[in-house]
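Okay, structure first, notes after.
This is a predicted model, so every value here is computed, not measured.
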Amino acid sequence: MTRSFYFTKTVRDKDDIDRTICSSADWGKSPDLCWGLFLAVGVNPSGGSGGSSNQFVDMVGAGLLFGFGQVKDGGLSDKQHNIGIGWGRRFGVKTLGDGFSSNAAPPKGETQVRYKTTDFNAPFIFYTYNFSQNQ
């Protein structure tokens, strides 16, 4: 799940109607090309009732968001593409135990594979498409 915020502003067009455009228009870019920030939360698909983690929230992150199309920050007729690039923290990831290596023989004296649970930081990207329309 993400919550995003595009940097937008309200301008008055030639017909004296207020409309929202992206702040990137100030830089001579298209008014339909935006950028902003996002916060992300990843949830365990098992709902915290099983799998490799018993936590409901298994990732948090934040980063930059780029949008193009009719980006109006939540308008009813938006048809926009969003690409997010961020950095996050994964919680409770099941990995091979100390001494074990992927696709290698187990360490001497070991008869079963051992696992450990660890947290780690990781970069991530995502893409979304908003296709809402007026009813």
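Between S101 and L96, the closest heavy-atom pair is C-CD1, 3.7 Å. Taking every heavy atom of both residues into account, F100 and Q112 meet most closely at CZ-O, 3.3 Å. The two residues P107 and G99 have their closest heavy-atom pair at CG-O, 3.1 Å.
Note: F7 and W35 meet the aromatic proximity criterion, with ring centroids under 6.0 Å apart.
Using bins of under 30°, 30° to 60° and over 60° for the plane-to-plane angle, the ring pair F126/F124 lands in the parallel bin. Ring pair H81/Y129 is tilted by interplanar angle, where 30° to 60° counts as tilted.
By the criterion of side-chain heavy atoms lying less than 4.5 angstrom apart, applied directly or through intervening Ile, Leu, Val, Met, Phe, Trp or Tyr residues, V43 is grouped together with F91 in one hydrophobic cluster. Note on V60: it clusters hydrophobically with M1, by side-chain heavy-atom contacts below 4.5 Å among ILVMFWY residues. Hydrophobic clustering (ILVMFWY, side-chain heavy atoms < 4.5 Å, transitive): I85 and F5 are in one cluster.
Ion pairing between D119 and R90 fails under the 4.0 Å rule for side-chain N and carboxylate O.
By the side chain to side chain contact (heavy atoms under 4.5 Å, CB included) test, L39 pairs with A62, sequence neighbours left out. Residues that satisfy the side-chain hydrogen bond (donor to acceptor under 3.5 Å, both in side chains) test with T128, not counting sequence neighbours, are N82. Checked against salt bridge (charged side-chain N to carboxylate O under 4.0 Å, His left out), R114 has the following partners two or more places apart in sequence or in another chain: E110.
Residues F38 and L64 form no side-chain contact, since every pair of their non-hydrogen atoms from C-beta on lies 4.5 Å or further apart. With a 4.5 Å cut-off on side-chain heavy atoms, V41 and M59 do not count as touching.
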